[in-house]
Amino acid sequence: MFRPWESSCSSHDYRREQVLNEQPEEGNSVQQGEKIIKRRHLSQDAQDICLNVCRNLMKIYGMKKEEAIKNAATLTEVSTTKIRTLFTSGIKQRKKRKDYGNNKKLTPFLEHRIRKQIYFSYKGNEIPTVETIYRTLPQTQGKFSETSLKRWLKQMGFRYKKVCKRTAIVDHERIINWKSKYLTSIAKFRQENKTIYYLDETWYDTHDTAAKGWTDSSSQCIAKTPTSKGKRLIILHCGSEEGWVPNCLELCGYNLKDCNVDYHKNMKASIFEQWFQRKLLPNIKPNSVIVMDNAPYHSRQVQKIPCKSSSKVEIQDFLLKYNLFFEDNYTKDELLEVLKIGKFKKRYVIDEIAKKNGHTVLRLPPYFCIFNPIEMIWAQLKLNVRRKNRCPKFHQQVVELIKREMDNIKPHNWKKTVNRVIKIEEEYQQ
């Protein structure tokens, strides 16, 4: 008859020897003859298994109680004391707290205290966490746990996410009104089932490769890439939740020494307007909406309206053209006040071109590029290109790589980013 506790080739031997050879932690082991078995907490299922092993040894092999207990301890790697206790007293249910299952309720007074404390932390330029909030409510400690506090914060509408650190300029009345008008307009266009296209530009330096990788700092782990940034490529494209607009990619190359830190200055209104008329408009659906930002080359005016940066002569010539009265001794500020009487509205070349072709241009509010899903698409594109840019010295091959990675961004990628932006818009509307 096969007896695993006696067999030298038992499948449990290796693990048992490994456990016995392990160095036990101080205060966390028990001595059993010459064997040392670690003390551990056993779940109710594990206790049931140990007890069944002991009983079956007595039933099947006819062992006596003490012999069965010792062999059960060997097989299960549990101390004989624990097996003997289970055999004698049986499995005991774990004690539960008196308030088990009764979640503590958030009172209006406590909700007011918590909300006030969070706002006070932000006022003092401190980013609050569950720990800091709990610590700043000393009179309530012991009455509820941090877990309860975390649950209450979610009930109150708080979420643990990236905190907006932009300057107070986004809270200017003009920006708030622009943002509100944009959100209302784009929601209306979606209800009308109009196709919404998002366009934007980005840049890529031909020598740009992945910055991080696994290395042991030896000479075998050095990439042969130039230290310079190479040539700058301006990438101009447009897409919707259906994917990229076909035949619409525009790549402009510049020598880096001629480039500005702000890549928007490397794009010209003439290039953009030509691309808009010849490549974009013929390839989009009729009666569409085109979302874009307020870059200078997007905003060339049909007739430039003077502003503070205009010269005094330019303002005077503009006022004479529209028969607005002014005195020769008026200062520049006084001339601008006269200009406000005319209530001139800016008219952009791009908007007029789109209008003639039956489309609508919707401009993003300043500092809110998060409403443009193409920004997330650019992040995906650059990450993929950097990882696969193995020949940065030859910028033409980088151009081909960019085109291939553009094709790898499928409609389902666009769909995900557009849905994410819709959720962000809904948060701002609330």
Side-chain angles (χ1 to χ4, degrees), residues 1-107 110 114 129-135 137 140-156 158-161 214 216:
M1 182 182 293
F2 174 69
R3 292 179 171 81
W5 57 89
E6 295 176 355
S7 174
S8 60
C9 58
S10 169
S11 59
H12 297 275
D13 284 351
Y14 175 77
R15 173 62 189 149
R16 185 165 63 249
E17 289 176 7
Q18 186 181 24
V19 171
L20 297 179
N21 291 332
E22 285 178 352
Q23 191 69 23
E25 296 177 8
E26 187 176 352
N28 195 33
S29 62
V30 292
Q31 187 81 23
Q32 182 178 319
E34 296 180 355
K35 301 177 183 178
I36 297 177
I37 299 180
K38 285 190 174 183
R39 183 181 289 127
R40 65 185 70 181
H41 169 73
L42 298 179
S43 65
Q44 292 183 11
D45 290 341
Q47 293 179 41
D48 192 36
I49 291 170
C50 292
L51 195 55
N52 288 337
V53 169
C54 186
R55 286 172 177 171
N56 284 319
L57 287 174
M58 295 175 65
K59 181 179 179 181
I60 298 173
Y61 298 103
M63 292 186 181
K64 293 182 180 181
K65 177 182 174 181
E66 283 301 318
E67 186 183 1
I69 289 173
K70 290 181 181 180
N71 288 318
T74 304
L75 291 171
T76 59
E77 297 181 359
V78 177
S79 66
T80 54
T81 305
K82 183 66 177 177
I83 300 289
R84 188 179 293 108
T85 303
L86 289 174
F87 192 87
T88 305
S89 306
I91 300 173
K92 294 182 179 180
Q93 299 291 334
R94 291 187 65 188
K95 292 183 179 180
K96 295 182 180 179
R97 289 168 42 177
K98 293 180 180 179
D99 59 349
Y100 177 79
N102 298 325
N103 292 331
K104 296 185 183 297
K105 294 183 179 179
L106 176 63
T107 62
L110 191 55
I114 294 171
T129 63
V130 171
E131 184 182 355
T132 57
I133 298 169
Y134 187 78
R135 193 170 59 246
L137 299 170
T140 59
Q141 288 187 21
K143 296 182 179 180
F144 60 87
S145 64
E146 291 187 17
T147 305
S148 297
L149 176 59
K150 186 177 181 180
R151 186 179 69 252
W152 292 342
L153 288 172
K154 291 181 179 179
Q155 291 177 8
M156 294 164 61
F158 290 97
R159 295 293 179 269
Y160 192 78
K161 60 181 183 180
W214 292 100
D216 61 358

Participant: Say you draw a straight line from NZ of K70 to CZ of R84; how long is it, rounded to the nearest 0.5 Å?
Facilitator: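 Result: 8.0 Å between the selected atoms.
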Participant: Less than 4.5 Å apart, side chain to side chain, heavy atoms only: is that true for L86 and V78?
Facilitator: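 Contact flag for L86/V78 side chains = no.
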Participant: Can you name the closest pair of heavy atoms from K65 and T88 and give their distance?
Facilitator: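 K65 and T88 have their closest heavy atoms at NZ-OG1, 4.1 Å.
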Participant: Looking at every heavy atom in both V130 and L149, which two are closest together, and how far apart are they?
Facilitator: O-CD2, 3.6 Å
Participant: When rounded to the nearest 0.5 angstrom, what is the spacing between CG in L42 and CD1 in I83?
Facilitator: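 Answer rounded to 0.5 Å: 7.5 Å.
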Participant: Can you sort out the partners of T147 under side chain to side chain contact (heavy atoms under 4.5 Å, CB included), two or more places apart, ordered by chain and number?
Facilitator: S145
Participant: Hey, what do you get for CD1 (I69) to SG (C50), rounding to the nearest 0.5 Å?
Facilitator: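 These two atoms lie 12.0 Å from each other.
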Participant: According to salt bridge (Lys or Arg N to Asp or Glu O under 4.0 Å), who are the partners of E146, at least two apart in sequence or on a separate chain?
Facilitator: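 So E146 forms no salt bridge (Lys or Arg N to Asp or Glu O under 4.0 Å) with any residue.
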Participant: Can you list everything that forms a salt bridge (Lys or Arg N to Asp or Glu O under 4.0 Å) with K154? Sequence neighbours excluded, please.
Facilitator: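 Counting only residues at least two positions away or on another chain, K154 forms no salt bridge (Lys or Arg N to Asp or Glu O under 4.0 Å).
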Participant: If you measure from OG1 on T76 to CG on N71, what distance do you get to the nearest 0.5 Å?
Facilitator: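 Answer rounded to 0.5 Å: 10.5 Å.
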Participant: Keeping the roles fixed (side chain from Y134, backbone from F144), state whether a donor-acceptor pair exists under 3.5 Å.
Facilitator: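 Yes, because the side chain of Y134 sits within donor-acceptor range (under 3.5 Å) of the backbone of F144.
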Participant: Listed by chain and number, what are the side-chain hydrogen bond (donor to acceptor under 3.5 Å, both in side chains) partners of T85, not counting sequence neighbours?
Facilitator: none
Participant: Mind checking the CD1-CD spacing from I114 to Q155? Nearest 0.5 Å is all I need.
Facilitator: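 I114 CD1 to Q155 CD: 10.0 Å, rounded to 0.5 Å.
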Participant: Of all heavy-atom pairs between A68 and C54, which one has the smallest distance, and what is that distance?
Facilitator: CB-O, 3.8 Å
Participant: Supply the atom-to-atom distance I133 CD1 to F158 CZ, rounded to the nearest 0.5 angstrom.
Facilitator: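 Rounded to the nearest 0.5 Å, the CD1-CZ separation comes out at 7.5 Å.
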Participant: Filter on side chain to side chain donor-acceptor pair (under 3.5 Å), then keep only pairs touching residues 44-58, sequence neighbours left out; what's left?
Facilitator: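 As it turns out, the side chain to side chain donor-acceptor pair (under 3.5 Å) pairs with a partner in residues 44-58, which skip direct neighbours, are Q44-Q93.
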Participant: How far apart are the closest heavy atoms of A72 and L57, and which atoms are they?
Facilitator: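 Closest approach of A72 to L57: N-CD1, 3.7 Å.
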